[in-house]
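Before any comments, here is the structure.
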Amino acid sequence: MTLTGIGGVGKSRLAVHVGRKAERGFADHATLVELAEVADPALVAMTVAQVVGAPVHQSDVVATLVDYLRGREMLMVLDNCEHLLDETAILVRNLLSACPGLRILATSREPLRVTGEHIFKVEPLPVHVSRSGRGSDDVRPEAMRLFEERATAAAPDFRITADNERTVEELCRRLDGLPLAIELAAGRMRALSPRELLVRLDDHHRLLSLGDRSAAPRHQSLWATLDWSYDLCSKHERLLWERMSIFTGSIYLNAAECVCSDDDLPREVVVEHIAALVDKSILVMHNSSDGPTYRMLETVREYGLRKLREDPLDAAVVGRYRAYYQRLAREFDENWFGPGQEEMVERMRREQANLRAVLDSLVSDPEGGRAALGMSSALFWYWLGCGQQREGRHWLDRCLALDDNAGPERAAALWANGYLAIAEGKAVVALDLLRGSQDAARQAGDAIGLAHATHIRGIAEHNLGNPSLGMTLIEEGMAMESENGTSAQQVLAMEHLGWALCHRQEPERALAVLEQGLHLCKELGERWSLSWVLTFTGLAHWMRGDAAAAARALREALAVKRPFHDVLGIAVVVELLSWVACAEGDAVRSARLLGAVRRMWEPLGIYPGGFELRSWSSRTEADVRKVLGEKEFEYQFEEGARMEVDRTIDYALGEESSDEAELSSEDALLALLTPRETQIAQLLAQGLTNKQIAQTLVIALRTVDSHVEHIFTKFGVNSRTQVAVLLATQRR
C-alpha cells in the first residue's frame with residue numbers, strides 16, 4: 001500500500017503509526033526505512049538491507065535481500081520514496097514477488113505504479129465546525145484539536161474559547177487542514193494571538209496568489225505558511241534554517257556550529273538559535289547516547305534548501321559542509337587504532353546519511369575527484385569493521401573511475417578497495433587493484449601506501465592458491481609496516497600471517513606472531529583487530545589440542561565483535577566454536593552451532609575472504625554425527641538453524657537463559673514450527689476459530705488456513721482438538 005499526498009499532509013506520521021499498530025500481526029515485526037536521506041539510486045537496496053539487518057557482502061544486494069526476507073513475515077515501511085520512484089518500484093516488485101511473508105507500506109507524493117499496489121490518499125484534517133458542535137471540545141474537528149494541542153505546548157495557558165474559536169477555525173481553514181502548516185502556525189501562540197496570526201497569514205496568501213496563480217491551492221497554503229514562518233524568524237534564525245537544510249538525516253550540534261557559522265552568524269549564537277527553531281517546530285530534537293541531535297521534516301528542509309540556493313554564500317556553506325565531513329572521515333581513520341572504537345562507530349552510523357551526501361557531492365563535482373578518493377579511503381575501517389564492505393566498494397569504485405592520476409590518494413583508494421574485494425571473496429579483482437596500488441605508491445614515493453598494498457596483495461595471492469608467494473609478500477609488507485611505526489595495518493598483517501600459518505598446519509609459529517598482535521591491541525585499547533587476532537589465536541589453540549584455551553579466546557573474540565556487527569567475523573568464530581564444542585565432548589552444542597553458522601553463511605557466500613574452513617568443519621560434522629546418530633544430529637542441527645544471529649551469539653557465549661538451555665517438552669514441540677505457526681498453534685489450543693485467529697493476528701483467513709494445514713502435518717494430527725490435546729499433554 002502506498003500513502004500518497006502533498007508534502008506536510010502527514011504521510012510519514014501516519015505510516016509510522018500504522019506500522020506500530022500493525023506490527024503485532026507480523027512474526028518479524030515492522031521496520032522503518034527512511035529513504036529521504038538517500039540521494040544515490042544505487043543505494044536504495046543497500047539501505048533497505050542495512051536497516052533490516054541483511055548482510056550486504058555480495059555484489060548482488062537485491063538477491064541477498066530476497067534470500068534474507070524470503071522466510072520472514074515482516075511489515076516494511078518505506079518512507080519518502082518520491083525522489084527514487086523507479087528504483088524503489090523495481091525493488092518493491094522484486095521483493096514482493098519472492099517473499100510471501102513481506103508486506104510493504106510506502107509513503108510518496110505519487111504512486112509507485114507497481115502491480116498489486118493499493119493507493120491510499122492521505123487527506124488533510126477536517127476543519128469545519130457544525131453549529132451544534134460549537135463550544136464543545138469533544139466534537140471539534142481534528143484540525144482544531146491539533147492546533148490546540150501544539151499551541152498549548154508552545155504557550156501552556158492557551159485554550160480555544162468561545163472568543164477565539166471562530167478565528168482558530170478560520171486559521172485552520174486557510175491552512176487547508178494541513179498538519180505541518182497547522183503545527184507551524186500553532187507554534188506562534190507564544191508571541192501572537194490567533195487574530196494577529198490570521199492577519200499575517202492573510203497577507204501571505206494574497207502575495208502568493210498574485211505571484212503564482214498556477215500553484216495548487218493546498219501547495220499555496222503550505223508554502224504561504226512556510227514563507228510566513230520564515231519571515232517571522234529573526235535574521236539569524238533564517239540563516240540557520242537555510243544552512244541547516246544542507247544536512248541529511250541527523251545533525252549534531254558541533255556539526256551545525258562548524259558548517260553554519262560565519263561572520264554573519266557567529267558560532268557562539270548558533271545553539272540559542274537552534275533552540276528557537278525547535279520552539280518554532282522548524283527543527284525536531286532527538287536525544288541520543290552521545291548528546292542531542294536535530295532533524296528537519298523533509299518539506300521544511302526543501303524550503304530551506306530553496307532559500308539557501310538563492311543566497312550568494314551558498315557555495316561557502318557547501319564548502320564548509322564538505323570540509324566538515326572530510327575532516328570527520330580523516331579523524332576517524334587517524335583515531336581508529338585505539339580506544340573508543342565502539343563509540344566512534346555509533347557516531348559514524350548516525351552520520352552515514354551525511355557522509356553519503358558529501359561523497360555524492362564530491363563525485364558529482366568535476367573538481368572533486370581527488371577529495372573523493374581521500375574521503376572514501378579514509379573510511380576504510382568503517383566500511384570494513386562494520387559490515388559495510390559492499391557500500392565501501394560502491395563508493396571506491398565510483399571515486400577511482402573519476403581520477404586516474406597516480407598519487408597517495410589513488411594508491412590508498414586502490415588498496416582499500418582491494419582489501420574489501422578480498423573480504424567479498426573476489427581475490428582476482430583484488431589482485432588487479434592491489435598491483436595498481438603498488439604502482440601508484442611507488443610513483444608517488446608513498447612508503448606507507450606501498451607497505452599496505454604489499455601485505456594486502458600477499459593475502460590475495462594466498463587466497464588464490466599461491467601460499468608461498470602470499471606468505472612472502474605478507475611478511476615483506478609486515479616488515480615495511482614496522483618501519484613506518486605501529487599501526488592498525490601492521491596488526492592486520494600479523495593476523496593474516498597467523499591465519500596463513502594455521503592454514504599451513506604451523507600453530508606454534510602462528511601463536512608467536514599473534515601474541516605480538518595481542519600485545520599491541522591491548523596496550524593501545526584497540527578492539528576490532530583484537531577480535532580477529534583472538535579468533536586466529538583460538539584456532540591455533542584448537543589445532544594444538546587445547547580446547548579450553550581455544551574456547552576462552554574465541555568467546556572473548558565473539559563478545560568483542562558483537563557491537564561492530566561484524567557478520568563475517570561472527571560467522572567464522574561461531575564455526576570455530578562448533579569445533580571446540582566437539583573437542584570438549586559436547587556433541588549437542590556442536591551440532592547446534594554447525595546449524596546456526598550454516599544459516600549465517602548463506603547470505604554471505606560460503607567462506608568469503610579466504611577463510612576456507614570446509615575440510616575442518618566436515619571432519620567435525622562427521623564426528624558429531626557419529627556420536628549423536630543421524631536422526632538426533634539432524635534435529636539439533638535444525639534447532640541451530642532456526643536461531644537468529646543474536647540468539648546464536650548468546651548461545652555460543654553460554655549466555656542463554658535457563659529456559660532456553662533446558663527446552664521444555666512443549667518448547668521442543670513448538671520448535672518444529674515457524675514463529676507464525678507457533679502463534680497460530682497456541683491460539684488453536686485456546687479454542688479460537690480460523691476466522692478469529694485471522695482477526696487477532698490481522699492476517700488473511702486463507703493465510704491462517706494454510707498455516708493450520710502445515711501445523712497438522714508437522715504434528716502428525718488431523719484435527720484442531722488433537723493440536724490442543726497434544727500441547728496440553730506436553731505442557732503437563
Side-chain angles (χ1 to χ4, degrees), residues 7 36-40 80 82-83 184 204 207-208 211-212 215 219 222-274 276-278 280 282-284 293-329 351-372 374-375 399 402:
E37 55 196 41
V38 180
D40 187 341
N80 289 301
E82 53 272 346
H83 63 303
L184 291 171
H204 278 277
L207 289 171
L208 188 66
D212 185 4
H219 280 290
L222 181 59
W223 288 104
T225 307
L226 289 166
D227 275 335
W228 163 77
S229 295
Y230 179 83
D231 288 347
L232 287 176
C233 288
S234 69
K235 175 187 173 183
H236 283 162
E237 289 166 3
R238 291 178 201 168
L239 282 175
L240 192 57
W241 181 347
E242 294 171 13
R243 294 174 182 182
M244 287 187 76
S245 68
I246 198 171
F247 289 92
T248 302
S250 298
I251 311 169
Y252 281 83
L253 177 59
N254 177 264
E257 290 174 331
C258 290
V259 173
C260 301
S261 62
D262 62 4
D263 292 342
D264 294 328
L265 182 63
R267 179 169 182 148
E268 58 270 17
V269 304
V270 167
V271 64
E272 65 183 82
H273 293 303
I274 283 179
L277 291 180
V278 170
K280 294 176 173 67
I282 305 303
L283 288 173
V284 179
T293 60
Y294 305 89
R295 291 181 75 97
M296 280 188 179
L297 293 177
E298 194 58 23
T299 307
V300 175
R301 179 173 175 267
E302 286 176 12
Y303 181 89
L305 278 174
R306 289 189 184 188
K307 289 291 185 182
L308 180 64
R309 286 164 185 158
E310 296 168 4
D311 189 334
L313 296 177
D314 170 30
V317 177
V318 171
R320 291 196 297 271
Y321 179 59
R322 288 181 179 178
Y324 180 86
Y325 285 99
Q326 287 175 262
R327 184 170 65 250
L328 184 66
E351 292 281 26
Q352 183 157 326
N354 286 303
L355 293 168
R356 283 175 169 177
V358 171
L359 280 168
D360 191 62
S361 172
L362 292 171
V363 168
S364 304
D365 185 346
E367 304 297 322
R370 187 56 55 94
M375 182 175 177
C399 295
L402 287 176

* Asked: Is it true that atom CD of Glu367 has more than 12 heavy atoms of other residues, nucleotides or ligands lying nearer than 6.0 Å?
  -> no
* CG on Leu362 to CG on Leu402, rounded to 0.5 Å -> 9.5 Å
* Look at the side chain of Asn354 and the backbone N and O of Ser250, then say whether any donor-acceptor pair between them is shorter than 3.5 Å. => yes
* Asked: Looking at Arg243 and Ser261, what are the two nearest heavy atoms and their distance?
  -> NH1-C, 4.4 Å
* Structure fact -> Minimal heavy-atom distance between Cys260 and Leu265, with the atoms involved, is O-CD2, 3.4 Å
* Asked: More than 12 non-hydrogen atoms from neighbouring residues, nucleotides or ligands closer than 6.0 Å to CZ on Arg309, yes or no?
  -> no
* In chain order, what residues pass the salt bridge (charged side-chain N to carboxylate O under 4.0 Å, His left out) check against Lys280, with sequence neighbours excluded? -> Glu237
* Shortest non-hydrogen contact between Arg327 and Cys258, atoms and distance -> NH2-SG, 4.0 Å
* To do: Could you walk me through whether Arg306 and Ser245 pass the side chain to side chain donor-acceptor pair (under 3.5 Å) test, one step at a time?
  => CA-CA 9 Å; Arg306 289 189 184 188; Ser245 68; over 6 Å; no
* **Partner residues of Tyr321 under the ring pair (Phe, Tyr, Trp, His ring centres under 6.0 Å) criterion, sequence neighbours left out** => Phe247, Tyr325
* Any donor-acceptor N/O pair, Arg238 side chain to Asp231 backbone, under 3.5 Å -> yes
* Shortest non-hydrogen contact between Leu240 and Val270, atoms and distance -> CD2-O, 3.8 Å
* To do: Taking His83 for its side chain and Val38 for its backbone only, find out whether a donor-acceptor pair lies under 3.5 Å.
  => yes
* Please report the C-alpha distance between Glu242 and Tyr230 in whole Å, then the side-chain angles of each, then the deciding distance to 0.1 Å, and finally whether the side chain to side chain donor-acceptor pair (under 3.5 Å) criterion is met. => CA-CA 10 Å; Glu242 294 171 13; Tyr230 179 83; 2.4 Å; yes
